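The figures that follow rest on heavy atoms only: side chains count, while hydrogens, waters and symmetry mates do not. Quantities reported herein were computed from a predicted structural model and do not represent experimental measurements. Order of listing sets the numbers, starting from 1, for every ligand and every atom in it.
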Amino acid sequence: MADFKIAPSILAADFAKLGQEVDDVIASGADIVHFDVMDNHYVPNLTIGPLVCEALRKHGVTAEIDVHLMVKPVDRIIPDFIAAGASYVTFHPEASEHVDRTLQMIREAGCKSGLVFNPATPLDILKHVMDKVDVILLMSVNPGFGGQSFIPETLNKCREARKMIDESGFDIRLEIDGGVKVDNIREVAEAGADMFVAGSAIFGARNDKDANGYNTVVQKMRDELAKAKV
Ligand code: DX5
Ligand code: ZN
């Protein structure tokens with residue numbers, strides 16, 4: 001089976017007990033903490049910054065932290081997230097004046113770098129920077145909010161990105177973000193993704209009596225992924 005990674009988005013966590021939420025979701029078998037940064041400028045919502053990333057590290061979180069920047073501009077804030085313990089830093093190409101420079105800045109600081117593509121943004125810009133990305137993140141909703149529905153056209157874009165990655169020969173993850181649930185994760189994997197962000201689908205299980213914390217929903221996602229024909 002492919003090396004699939006499940007990345008719960010803490011946007012849907014209970015922020016009043018964030019450290020415990022992250023501990024619980026990692027204990028349930030999830031792999032990576034997806035950390036959504038919104039600035040009320042690039043997207044119409046406002047969330048969390050480097051201080052919260054640092055607080056999770058100080059709390060003892062050792063899992064990789066996948067910082068998804070939905071901010072504009074990006075360059076000023078990137079070093080702060082790297083100092084705060086980010087593992088991945090991804091940004092939207094529309095939010096940087098110099099995409100190649102920003103990617104280099106992330107890599108040179110020792111982090112994994114990536115570009116994020118909104119539903120209507122074509123993949124063209126990747127062509128000349130395939131050697132500078134560790135992850136390609138495809139938005140399957142418009143950025144700004146959790147709990148939206150998966151946009152099916154993303155599956156076509158996913159197949160296109162998978163082809164580009166395979167033809168490039170580089171070791172690049174293909175991540176999907178938005179509306180991923182137990183009932184569509186297999187289809188997304190079959191379209192070529194290997195890293196799956198899920199916010200409401202995972203943290204929304206918190207009040208489900210049969211959920212056994214987050215174990216059941218994460219296990220159901222793994223079961224679906226095990227069935228994927230890739
Ligand atoms: C949206 C964020 C997502 C979001 C996903 O702008 O980038 O990471 O939290 O949430 P769900 O899984 O609820 O669509
Ligand atoms: Zn995200």
Side chain to side chain, [X] and [Y], heavy atoms closer than 4.5 Å:
X      : Y      : result
Lys72  : Phe91  : no
Arg173 : Asp134 : no
Glu94  : Tyr42  : yes

Which of the numbered atoms in ligand 1 are under 4.0 angstrom from any heavy atom belonging to [X]?
X      : answer
Gly178 : 14 (O)
Met38  : 6 (O)
His68  : 7 (O)
Val197 : 8 (O)
Asp177 : 2 (C), 3 (C), 4 (C), 5 (C), 7 (O), 8 (O)
Met70  : 6 (O), 7 (O)
Pro143 : 6 (O)
His34  : 8 (O)

Can you tell me which residue and heavy atom of the protein come closest to [atom], and the distance to 0.1 Å?
atom                    : value
atom 13 (O) of ligand 1 : Ser200 OG, 2.6 Å
atom 14 (O) of ligand 1 : Gly179 N, 2.8 Å
atom 9 (O) of ligand 1  : Ser9 OG, 2.9 Å
atom 10 (O) of ligand 1 : Gly146 CA, 3.6 Å

Please indicate whether [X] has more than 12 foreign heavy atoms, meaning atoms of other residues, nucleotides or ligands, lying under 6.0 Å from its [atom1].
X      : atom1 : result
Asn156 : CG    : yes
Lys220 : NZ    : no
Glu187 : CD    : no

Any [X] heavy atom less than 4.0 Å from ligand 1:
X      : value
Phe145 : yes
Gly147 : yes
Lys181 : no
Gly144 : yes

Is a salt bridge present between Asp75 and Arg101, judged by a nitrogen-to-oxygen distance below 4.0 Å? no

Angle in degrees, rounded to 10°, that OD1 of Asp36 and ND1 of His68 form at the Zn ion (ligand 2): 90°

OD2 (Asp177) - the Zn ion (ligand 2) - NE2 (His34) angle, nearest 10°: 100°

Kindly say whether the aromatic ring centers of Phe35 and His68 come within a distance under 6.0 Å. no

Please say whether Gly199 places an N or O atom under 3.5 Å from an N or O atom belonging to ligand 1. yes

Indicate, as side chain, backbone, both or neither, the part of Ala198 found under 4.0 angstrom from ligand 1 when only non-hydrogen atoms are considered. backbone

Would you say the side chains of [X] and [Y] form a donor-acceptor pair under 3.5 Å?
X      : Y     : answer
His34  : Asp36 : yes
Tyr214 : Glu21 : yes
His59  : Asp23 : yes

Test applied, side chain to side chain contact (heavy atoms under 4.5 Å, CB included); reference residue, Phe150; option that passes from Ile176, Val141, Asp183: Ile176

